[in-house]
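Notes follow once the structure below has been shown.
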Amino acid sequence: MSAPAAERDSAGVFSPGRARIAVRTLRSDRWWLPPLLTVLGLSAFVVYATVRSFVRTAYWVDDYHYLTPFYSPCLSDSCVPGSSHFGTPFPELPMWIPLGFVVLPFLLGFRLTCYYYRKAYYRSFWLSPPACAVAEPHGRYTGETRLPLILQNAHRYFFYVALVVTLINTYDAIYAFHGADGGFGFGLGNVILVINVILLWAYTVSCHSCRHATGGRLKHFSAHPVRYWMWTQVTRLNTRHMLFAWITLGTLVLTDFYIMLVASNTISDLRFVG
Ligand code: FES
């Protein structure tokens, strides 16, 4: 909600001491392009993931044990036989509850509170500000000091849950080395699942909270050589966190889409063994 005109005229970029510039920005380049692409990319993912999470079809390939990450872990009696690797402690679920309901809220929370995604959606959706040297439309700025944005501080806890979920995805990827005859086998689906899980690890471990967990609050790195080594490795990955954030959105969609095509018999899995 915009601040009243009088308040707006004395706050933000209109504050006393700020340069008096009549236009919203002096930038003449296409500064609006990155925020626009971000809106399109994130919106496309949210629409796809929401539809796929609710449709309850073509998420499990029984022959090869492929399970899409959007339904993992599948823990209810509504899951198709074979897809529940950790049992079914929950009864049948109504259609308005996604079968991956146990972890989806945490994954959503993990991504929503991610330091990179915050930057992305603050700029692209909230326009606060939309780009460097472009005034935002809001008159007041309170940062992340009050509800609801103060909840962004919960990111570290979402990170710990995300570690567990990535472990589960890893288990799914290993469990999928299964041939149609019941023994070992692998095909293109396994390649996609493994690449997806490696990139999920890269995204999860490159998290800023992981960097703090490994090397934060130490007074002397020399006294903690193992943590220092872990921190340097995480720091390297952390410089590419934005890249992993986008790539994993793509690999999640690709993995789900491929499994959907195979599970619905639209295509056959390209098999190398078994
Ligand atoms: Fe992006 Fe933690 S997942 S900062």
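Quick note: numbers below take in every heavy atom, side chains included, and nothing from hydrogens, waters or symmetry partners. Quantities reported herein were computed from a predicted structural model and do not represent experimental measurements. Just so you know, ligand 1 is whichever comes first in the structure, and atom 1 is the first atom listed for that ligand. Each residue takes its place number in the sequence, starting with 1.
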Exercise for the section: Please verify whether a non-hydrogen atom of Phe159 lies at under 4.0 Å from ligand 1. Expected result: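 Phe159: no contact with ligand 1 (<4.0 Å).
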Practice task
Report yes or no: does Phe158 have a heavy atom closer than 4.0 Å to ligand 1?
Solution key: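 Checking ligand 1 against Phe158, which is what was asked, there is no heavy-atom contact under 4.0 Å.
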Exercise for the section: Test the Arg240-Phe244 pair against the cation-pi criterion, namely NZ or CZ under 6.0 angstrom from the six-membered ring centroid and within 45° of the ring axis. Expected result: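 No; the conditions do not both hold, so Arg240 does not lie above the ring face of Phe244.
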Handout entry: Cation-pi check, Arg111 onto Tyr203 ring (under 6.0 Å, within 45° of axis)
Key = yes
Taking all non-hydrogen atoms of both residues into account, name the closest pair between [X] and [Y] and its distance.
X      : Y      : answer
Phe90  : Val102 : CE1-CG2, 3.8 Å
Arg227 : Ala213 : NH2-O, 3.3 Å
Tyr59  : Cys79  : OH-CA, 3.4 Å

Problem - Part of Tyr117 within contact of ligand 1 (heavy atoms, under 4.0 Å) - result: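 Looking at Tyr117 and ligand 1, no heavy atom falls under 4.0 Å.
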Exercise for the section: Could you tell me whether atom 2 (Fe) of ligand 1 has an N, O or S atom of His208 under 2.8 Å away? Expected result: no
Problem - Where atom 1 (Fe) of ligand 1 is the vertex, angle from His241 NE2 to Cys114 SG to 10° - result: 100°
Need the ligand 1 atom indices (1-based, order shown) with element for anything under 4.0 Å from a heavy-atom of [X].
X      : result
His155 : 2 (Fe), 3 (S), 4 (S)
Tyr203 : 1 (Fe), 3 (S)
Cys207 : 2 (Fe), 3 (S), 4 (S)

Handout entry: Evaluation steps, side chain to side chain contact (heavy atoms under 4.5 Å, CB included), between Asp269 and Val61
Key = CA-CA 10 Å; Asp269 185 34; Val61 180; over 6 Å; no
